[in-house]
Amino acid sequence: MKKSAPAIAAARARRRALRLAERANEIVAAHPEVDPDNIRHTLILLELPPWERLRRSLIRGRATAIFRK
Amino acid sequence: MAAPLPFSESELRILRALLRRKVRFMVVGLSAAAMQGSPVVTQDVDLWFENLTDPKLSQALQDVGATYVLRSVNNPPMLAGAGAELFEFVLRMDGLGEFTEETKNCVEIPLGRYKLKLLALERILASKVAANRPKDRLTIPVLRDALTASKGAKSGAKKKSQRKSRGRAD
């Protein structure tokens with residue numbers, strides 16, 4: 001039976017998540033002093049272009065300030 | 001299709017004017033760190049200029065209706081004009097060499113037909129360690145981990161490509 005587009009996308013997302021988790025685990029195993037969340041978030045960001053990384057950083061920074069005000 | 005840039009039109013005009021006029025500057029601070037993959041938040045983009053008295057800087061700002069407000073007793077020097085609020089002047093970087101020396105430690109990313117210089121993550125970390133303000137102490141561990149992760153990601157990618165070439169050669 002042919003898979004639907006959402007099912008294909010979900011399978012692809014799952015493979016990507018597993019690949020990232022595996023890579024993060026390798027790095028954490030080699031560097032036990034790190035915070036695993038920082039490693040995971042950095043690997044996610046490194047898959048994005050630099051401008052998208054900045055967009056996420058700026059939006060969250062500005063939103064936090066607005067919320068605090 | 002390329003993702004839209006995280007700037008308003010007026011913010012982008014300022015950056016392009018600086019690059020078009022060949023003003024010597026680089027992006028530093030947490031915005032530069034974020035662009036290199038660090039999971040940090042920031043509210044502005046720090047710009048380190050080689051020379052604030054460079055006439056090309058004032059020309060670039062004039063091109064877009066912005067200006068440079070001199071330092072006063074109560075305020076550091078700042079940019080003024082539409083889109084200028086995002087950018088913060090950095091006069092010196094704790095723990096680092098002179099601007100010219102640190103340009104060798106930059107990475108470049110494309111901005112249209114120009115190249116924008118970002119201070120390398122290792123050097124951003126070094127300056128935060130040297131500055132050692134309370135807010136730096138919060139971000140230093142995150143920057144360290146991001147550096148470890150990006151080196152790990154590069155070595156992982158290298159191993160994968162070596163495995164692929166070996167597979168093709170066999």
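Computed over heavy atoms, backbone and side chain alike; hydrogens, waters and symmetry mates excluded. Since this is a predicted model, take the numbers as computed values, not measurements. Each chain gets a letter, A, B and so on, in the order the sequences are listed, and its residues count up from 1.
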Region of B:Ser38 that comes under 4.5 Å of a non-hydrogen atom in chain A = backbone
ask   = With a 4.5 Å heavy-atom cut-off, do B:Val41 and A:Arg56 have their side chains touching?
value = no
request  = Kindly indicate, with the supporting measurements, whether the criterion side chain to side chain contact (heavy atoms under 4.5 Å, CB included) is fulfilled by B:Phe49 and B:Leu18.
outcome  = CA-CA 10 Å; B:Phe49 292 92; B:Leu18 293 172; 4.0 Å; yes
query = Charged N to carboxylate O under 4.0 angstrom, A:Glu47 versus A:Arg19?
reply = yes
query = Given that the side chain runs from C-beta out, which part of B:Leu116 has a heavy atom under 4.5 Å from chain A: side chain, backbone, both or neither?
reply = side chain
message = Using only non-hydrogen atoms and a strict under-4.5 angstrom cutoff, which residues of residues 124-145 of chain B touch chain A?
response = B:Pro141, B:Val142, B:Asp145
inquiry  = Are the side chains of B:Phe25 and B:Leu15 in contact, using a 4.5 Å heavy-atom criterion?
reply    = yes
message = Are the side chains of A:Leu46 and A:Thr42 in contact, using a 4.5 Å heavy-atom criterion?
response = yes
key: From CA spacing to verdict: salt bridge (charged side-chain N to carboxylate O under 4.0 Å, His left out), B:Arg24, B:Asp54   = CA-CA 9 Å; B:Arg24 285 174 55 85; B:Asp54 180 359; over 6 Å; no
message = Counting C-beta onward and ignoring hydrogens, is there a side-chain heavy-atom pair between B:Asp63 and B:Arg21 closer than 4.5 Å?
response = yes
query = Can you list the steps and then say if A:Glu52 with A:Arg55 is a salt bridge (charged side-chain N to carboxylate O under 4.0 Å, His left out)?
reply = CA-CA 5 Å; A:Glu52 180 57 29; A:Arg55 177 197 310 288; 2.9 Å; yes
task = Report the distance from atom CZ of A:Arg40 to atom CG of A:Leu45, rounding to the nearest 0.5 Å.
result = 10.5 Å
inquiry  = If you define the side chain from C-beta out and look only at heavy atoms, does anything of B:Arg13 sit under 4.5 Å from B:Glu9?
reply    = yes
inquiry  = Are the side chains of B:Trp48 and B:Phe89 in contact, using a 4.5 Å heavy-atom criterion?
reply    = no
note = residues 95-114 of chain B vs chain A, non-hydrogen distance cutoff under 4.5 Å, contacting residues -> B:Ile109, B:Pro110, B:Leu111
inquiry  = Please classify the contact between A:Ile39 and chain B as side chain, backbone, both or neither, with a heavy-atom cut-off of under 4.5 Å.
reply    = both
